[in-house]
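Each chain gets a letter, A, B and so on, in the order the sequences are listed, and its residues count up from 1.
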2 protein chains.
Amino acid sequence: MEILIAEDDEQIAASLKKNFTEDGNHVMIAKDGEEAINFTNSIFFDVVLLDWRMPKVSGIEVCRHIRGSGSKVPIILLTALSEIKNKVEALNLGADDYVTKPFSIEELNARITAVVRRYQNNSNELIFSDVSLDLITRKAQTPRGEINLTAKEFDLLRYFIIHKGSIMSKEDICKAVWNLESVPSTNIIEATVKNLRKKLEDNNCKSMIKSIYGEGYLFIVE
Amino acid sequence: MEILIAEDDEQIAASLKKNFTEDGNHVMIAKDGEEAINFTNSIFFDVVLLDWRMPKVSGIEVCRHIRGSGSKVPIILLTALSEIKNKVEALNLGADDYVTKPFSIEELNARITAVVRRYQNNSNELIFSDVSLDLITRKAQTPRGEINLTAKEFDLLRYFIIHKGSIMSKEDICKAVWNLESVPSTNIIEATVKNLRKKLEDNNCKSMIKSIYGEGYLFIVE
DNA sequence: AACAATAATGAAAAATCGTTCATTTTTATT
DNA sequence: AATAAAAATGAACGATTTTTCATTATTGTT
């Protein structure tokens, strides 16, 4: 997990960084609000911790900036301010949570876990290997460009990604993607798999759709 | 907004109910955890407030039950317990937030607003009037049944709902829905609006698409 | 009221998609 | 190796969607 800590108190920042890196996370420190804005403008983070009071630009202003840019990255404000109106202001400006200093590291960890979990559970994106599906706009994207999929091909690829790593029977696929109770005598699945394979191959994707004789398909990357 | 308050202290419950109904919300009270579970099993709520300590079933158990059933309804735990491990437990079990008693009504309101706003911003559903769009399966549903929309019609209706209440120019619509930089000489927007209007009318929906002469369209319900 | 611009309408042409069909290839079993 | 079943393949057919086109209706201005 990529964590941004915007905190001018070097001791607090270092302590937090130590804690998070011990858990296998990658941490960047911004020493003031301006630097935090610069980082969030160009670097991806899983969560952003903002100290309310900082030089140059306050944490709440950074929060306003992040939300104004359209980003939904989870934001937690760290604050010594205990007045209700500050808390209300933070939440109204789009912060996901705030923690009052002094705080325990366990509580902060739990709140980070909670906001990140919520964010991920509601993602409208599916990613497998280097293929990314936007579930709303129904676009499939790779670093090499967009894969132009029909509605049925998109549905099939989505089903494959969701069930990656386990064998999908043709009955299951037919029910889920075609909404049919049984497999028709014509080979609609094979024809659509063929079309999908062709489009993935034309985009130079790795081979991911494996036929399992007599059982169905396995979606896996070699 | 539909609010469920699970609280055995009748005074607290009544006070909260009074506050929320003054803001135009609809409130149901469950006097214990068992009743709360029954309600959430059969009634839709926008947010659920759970007192941690309650007869029969505790608030944390209700939370476990709700999350176990797959529901993502926002949950806030109300607790007199101030130990960190309780807070951590609540967040880990899927509560969206917790508030320590005694709390101010302003803070509670702000937290409710924040969790509900987050939930709605990440919802894969758009609702306007009695029309509901599932953004993943791309189905449009009303109490009278499903509206059978083509891909382009769905995209147009989605755009209308997102921009409801303000005038959408044909240039904006063309760019957003057709991904064209300028409006073509043929009347593709008018033709698609016609088809969409027909389908909404066939479903007995209220008239929602208003033409604004020389400007574009306004999506509003009369 | 006259006129021009804009929007709505319905039919059909063009484009696209999904399925069917026939054949070839592959897999598994004996 | 022979056989049968399953899967892949490519072309074309049928279905659906989108756009075009021509006309009618509506709106706004003078």
So, is [X] near the phosphate of [N], with a side-chain N or O under 4.0 Å from OP1 or OP2?
X        : N      : value
B:Trp178 : D:dT19 : yes
A:Thr192 : C:dG18 : no
A:Lys198 : D:dG10 : no

Rounded interatomic separation in angstrom, taking [atom1] from [X] and [atom2] from [N]:
X        : N      : atom1 : atom2 : value
B:Lys210 : C:dA8  : NZ    : P     : 11 Å
B:Leu156 : D:dT18 : CG    : C1'   : 13 Å
A:Arg138 : C:dT16 : CZ    : C1'   : 16 Å
B:Ile189 : D:dT20 : CD1   : C1'   : 15 Å
A:Met168 : D:dA7  : CE    : C1'   : 16 Å
A:Ile212 : C:dA28 : CD1   : C1'   : 14 Å
A:Glu190 : C:dA22 : CD    : C1'   : 14 Å
B:Asn195 : D:dT19 : CG    : C1'   : 10 Å

Test salt bridge (charged side-chain N to carboxylate O under 4.0 Å, His left out) applied to A:Arg67 and A:Asp96, step by step = CA-CA 11 Å; A:Arg67 291 289 179 252; A:Asp96 292 284; 2.9 Å; yes
Residue [X], side-chain heavy atoms: nucleotide from [options] that is nearest:
X        : options               : result
A:Ala191 : C:dA7, C:dT20, D:dT20 : C:dT20
A:Arg197 : D:dA8, C:dA7, D:dT20  : D:dA8
B:Lys152 : C:dA7, D:dT18, C:dC17 : D:dT18

For [X], which contact category applies under a 4.0 Å heavy-atom criterion: base, sugar-phosphate, or nothing?
X        : result
A:Leu149 : nothing
A:Tyr217 : sugar-phosphate
B:Ile209 : nothing

Hey, are the side chains of [X] and [Y] touching, using non-hydrogen atoms and a 4.5 Å cut-off?
X        : Y        : value
A:Phe219 : A:Leu157 : yes
B:Leu16  : B:Ile105 : yes
A:Leu200 : A:Ile209 : yes

If you pin B:Lys194 and B:Lys199 to their nearest nucleotides in DNA chain D, which one's is more 5'?
->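 It is B:Lys199, whose closest nucleotide lies nearer the 5' terminus.
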Ranking A:Ile188 and B:Ser211 by the position along DNA chain C of their nearest nucleotide, the one closer to 5' is B:Ser211
Donor-acceptor pair under 3.5 Å: do we get one between A:Tyr213's side chain and the base of D:dA7?
->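 Under the 3.5 Å cut-off, the side chain and the base do not form any donor-acceptor pair.
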Is there a donor and acceptor pair closer than 3.5 Å between the side chain of B:Asn187 and the base of C:dT6?
-> no
Kindly compute the distance separating CZ (A:Arg64) from OG (A:Ser58), expressed to the nearest 0.5 Å.
-> 8.0 Å
Given B:Arg158 and A:Ile136, is the side-chain contact (heavy atoms from CB on, under 4.5 Å) satisfied, shown in steps?
-> CA-CA 10 Å; B:Arg158 182 177 65 170; A:Ile136 305 288; 2.5 Å; yes
